[in-house]
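Keep in mind the model is a prediction, meaning the values are calculated, not measured. Heads up: numbering here begins at 1 and tracks the sequence. Counting starts at 1 for both ligands and their atoms, following the listed order.
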Amino acid sequence: MSKMKATVFHGKNDIRVEEVPKPRAGAGEAVIRITLTTICGTDLHIVRGEYPVKPGLVIGHEPVGVIEELGPGVTGYEIGDRVLVGAITPCGQCGACLSGHLSQCGHGHGYEAIGGWRFGNTINGAQAEYLLVPHAQANLAKIPDGLSDEQVVLLADIASTGFSGAESGNVRLGDAVVVFAQGPIGLCATAGAKLMGASLIIGVDGDESRLAMSRRMGADVTLDYRAADVVAEVKRLTQGGADVAVEALGTQQTFESALRCLRPGGTLSSLGVYSGKLQMPYEAFAAGLGDHRVVTTLCPGGKERMRRLMNLVQSGRFDPRPLLTHTFSLTEIAEGYRVFGERLDGVMKVAIRP
Ligand SMILES: NC(=O)c1ccc[n+]([C@@H]2O[C@H](COP(=O)([O-])OP(=O)(O)OC[C@H]3O[C@@H](n4cnc5c(N)ncnc54)[C@H](O)[C@@H]3O)[C@@H](O)[C@H]2O)c1
Ligand SMILES: [Zn+2]
Ligand SMILES: [Zn+2]
């Protein structure tokens with residue numbers, strides 16, 4: 001049996017690059033040779049033991065590669081095609097997918113909460129030399145000629161998720177939008193709000209380099225939460241409250257501040273991954289009578305989503321490359337996790353090259 005190198009989760013703070021069996025494509029599946037991948041904030045939650053996955057799993061969920069093998073029934077592709085695969089791999093056939101909730105895919109029938117997220121969660125993931133892609137027909141997105149791996153790798157998750165914060169928030173032309181946290185996800189939410197026509201975008205973080213990147217990604221105003229009364233300042237800048245507040249961290253404090261920033265009838269669009277209990281302060285919620293909307297979104301995936309995002313890059317509307325600040329080989333990935341996890345050296349996202 002042929003082997004490949006892969007990043008295997010063994011337990012809390014214990015990942016190792018080791019030799020594992022190279023996958024083979026069954027019916028409806030494909031194997032891709034990974035040419036570029038990255039590390040997500042969610043991978044940090046996994047490695048730190050904050051999000052459970054089973055020991056022995058290959059982690060990572062942001063794959064760019066070349067088709068190595070196509071299983072029976074996958075049509076319209078050739079061995080050697082360059083492809084981007086979203087972090088979320090919907091089946092395209094279940095009740096959830098056919099109702100438009102691809103991220104809550106039930107794999108053939110019904111719905112399953114978070115069911116669309118399989119790579120590096122319930123099946124082997126992308127921080128490896130090869131990756132088995134399930135439901136390949138629904139998930140292999142051919143990369144247009146002229147786009148580099150670096151231009152598309154952050155579309156698999158970061159940009160798709162970040163943009164969805166603005167899309168699910170239903171940002172309208174002329175809206176005032178505040179985005180809480182300007183990590184990679186929040187920065188893409190900022191870029192998404194700009195793409196959707198917001199006329200005032202306020203980026204909130206506590207890190208100077210991220211606030212600078214926020215302005216580069218489209219924020220008109222940035223606020224340092226350590227120095228400013230963010231809620232009061234947003235209310236002043238928006239003359240009463242933001243139309244949409246995006247939460248891109250996953251804490252009680254940012255969720256609550258996002259709610260307090262909204263005008264009545266505004267939308268809180270939540271992207272963060274929370275743990276423990278999340279509380280809704282009744283006065284900011286107008287005791288439940290404020291016509292607020294609270295929406296959550298799991299990264300949209302599937303090949304049509306990836307095609308649209310690649311079009312945004314190809315047309316010059318969005319350039320994710322400034323976010324890719326560091327590069328490591330697959331064998332150096334532990335160092336990549338350290339630099340990314342401890343936010344050393346101004347890191348935003350790290351490129352991992354098998
Ligand atoms: N919904 C999804 O599908 C999805 C997908 C991927 C990641 N996520 C989640 O999104 C969240 C953000 O991910 P990321 O990779 O951008 O995170 P990150 O850790 O890289 O960035 C977080 C940012 O928050 C800032 N911050 C800390 N405290 C703050 C505060 N009180 N107010 C404002 N900013 C503050 C930090 O300075 C940092 O820049 C995580 O919870 C991650 O798990 C969700
Ligand atoms: Zn992710
Ligand atoms: Zn499905």
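Shortest non-hydrogen contact noted between I34 and A126 is CG1-O, 3.7 Å.
Using a cut-off of 2.8 Å, one finds that C299 contributes no N/O/S atom close to the Zn ion (ligand 2). C105 lies close to the Zn ion (ligand 3), since one of its N, O or S atoms is found at a distance under 2.8 Å. For the Zn ion (ligand 3), the set of nearby N, O or S atoms under 2.8 Å includes one belonging to C97. At a cut-off of 2.8 Å, E62 is not counted among the residues with an N, O or S atom near the Zn ion (ligand 2).
For atom 39 (O) of ligand 1, the closest non-hydrogen atom on the protein side is D205 OD2, 2.7 Å. Given atom 17 (O) of ligand 1, the protein heavy atom at minimum distance is P184 CD, 4.4 Å. Atom 34 (N) of ligand 1 has its closest protein heavy atom at A181 CA, 3.5 Å. Among protein heavy atoms, the minimum distance from atom 2 (C) of ligand 1 is reached at T161 CG2, 3.4 Å. Annotation: atom 12 (C) of ligand 1 to nearest protein heavy atom, A248 O, 3.2 Å. Taking atom 3 (O) of ligand 1 as the reference point, the nearest protein heavy-atom neighbour is C299 N, 2.8 Å. Here the protein heavy atom with the shortest distance to atom 29 (C) of ligand 1 is Y225 CE2, 3.3 Å. For atom 18 (P) of ligand 1, the closest heavy atom belonging to the protein is R210 NH1, 4.0 Å.
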Applying side-chain hydrogen bond (donor to acceptor under 3.5 Å, both in side chains) to S160 and R305, what does each step give before you reach the verdict?
CA-CA 8 Å; S160 188; R305 173 70 170 179; 3.0 Å; yes
Derivation of the side-chain hydrogen bond (donor to acceptor under 3.5 Å, both in side chains) call for T222 and R215:
CA-CA 7 Å; T222 53; R215 293 186 287 273; 2.6 Å; yes
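For Y77 (side chain) and L140 (main-chain N/O), a donor-acceptor pair under 3.5 Å exists by modelled atom type.
Selection from L211, I46, T42, D224 by nearest heavy atom to atom 42 (C) of ligand 1 gives T42. When the heavy atoms of D157, L249, I185, L323 are ranked by distance to atom 26 (N) of ligand 1, first place goes to L249.
Ligand 1 is approached by R343 to a heavy-atom distance shorter than 4.0 Å.
The shortest N or O to N or O distance between F340 and ligand 1 is not below 3.5 Å.
Taking the six-membered ring for Trp and the full ring otherwise, the centers of F180 and Y225 sit at least 6.0 Å from each other.
Close approach of ligand 1 to Q253 (heavy-atom distance below 4.0 Å) involves ligand atoms 31 (N).
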